[in-house]
Amino acid sequence: MPFSGLRFRAILLCALIGLQGPVSAEGGKVIAGWVERVVLLPAGHDVKAKLDTGAKTSSLSARQIEQFRKDGKRWVRFTLSYEDSFNEQREQTLERPVVRRVRIKEHVGEYNSRPVVRLGLCFDGRRTEAEFSLVDRSNFIYPVLLGRSFLARHAVIDPGATFQLRKGCPDRAKVEEDA
């Protein structure tokens with residue numbers, strides 16, 4: 001029985017999708033679980049992160065958030081406060097330029113404005129950067145939340161899986177120099 005044009009196109013499309021495969025080569029998207037380990041830079045500690053497609057912006061647990069001006073530009077000083085993958089409490093005070101501000105709708109319906117900074121991290125064993133809004137996440141299980149803006153470039157989420165990614169960070173000596 002000969003193929004109709006529509007049937008042929010459907011088979012061709014399925015074949016092309018199959019060629020792409022579920023996981024891309026280095027530098028492409030990976031299939032990740034809804035919880036993964038990432039390495040926060042410059043500290044170099046492994047932390048558990050929730051991958052949340054419902055959140056647009058990534059967020060990071062920070063305390064003592066102080067905004068100030070440096071060379072006429074907006075900066076923020078904050079203390080990262082998190083439990084690493086070995087259940088050890090870690091703190092590190094950092095200063096970063098404010099990239100932008102985001103307006104976040106809280107569960108109670110009110111809006112909250114947060115500073116956003118750019119920080120390095122290792123995701124699936126690869127060094128990259130992400131924009132994080134700073135907020136006290138001490139009442140949440142995961143100190144890091146990776147949102148859609150980050151995930152759209154790096155991962156496809158399998159909501160039934162956890163800890164699917166490669167661990168660690170390349171160039172560990174460089175990570176320690178950055179600290």
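The first residue of the sequence shown is numbered 1, and numbering continues consecutively from there.
- Using the six-membered ring where Trp is involved, Tyr82 and His45 have ring planes that are tilted, between 30° and 60° apart.
- Within a 6.0 Å radius of CD in Glu110, other residues, nucleotides and ligands contribute 12 heavy atoms or fewer.
- Residues Lys50 and Glu36 have side chains not in contact (no heavy-atom distance under 4.5 Å, counting atoms from C-beta outward).
- Considering CD of Glu131 and OG of Ser59, their distance stands at 13.0 Å, rounded to 0.5 Å.
- Under a 4.0 Å N-O distance rule, the pair Arg126/Asp124 qualifies as a salt bridge.
- In this structure the side chain of Ile65 reaches within 4.5 angstrom of the side chain of Pro115, judged on heavy atoms.
- Expressed to the nearest 0.5 Å, how far CZ of Arg153 lies from CZ of Phe123 amounts to 10.5 Å.
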Walk me through whether Leu145 and Arg137 qualify under side chain to side chain contact (heavy atoms under 4.5 Å, CB included). CA-CA 9 Å; Leu145 181 139; Arg137 293 184 55 85; 3.9 Å; yes
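- For the pair Arg90 and Asp84, the salt-bridge criterion is met [side-chain N within less than 4.0 Å of a carboxylate O].
- Looking only at distances, a side-chain donor or acceptor of Ser58 sits under 3.5 Å from a matching main-chain atom of Gly147.
- Taking the side chain as every heavy atom from C-beta outward, Phe163 and Val35 approach each other to under 4.5 Å.
- Side-chain atoms of Ser81 do not come within 3.5 Å of backbone N or O of Arg63 as any donor-acceptor pair.
- Under the 3.5 Å distance criterion, with hydrogens and angles disregarded, no donor-acceptor pair is assigned to the side chains of Glu91 and Thr79.
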Taking it one step at a time, do Thr93 and Phe78 satisfy side chain to side chain contact (heavy atoms under 4.5 Å, CB included)? CA-CA 6 Å; Thr93 300; Phe78 56 97; over 6 Å; no
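- To the nearest 0.5 Å, atoms CG (Leu40) and CG (Leu121) are separated by 7.0 Å.
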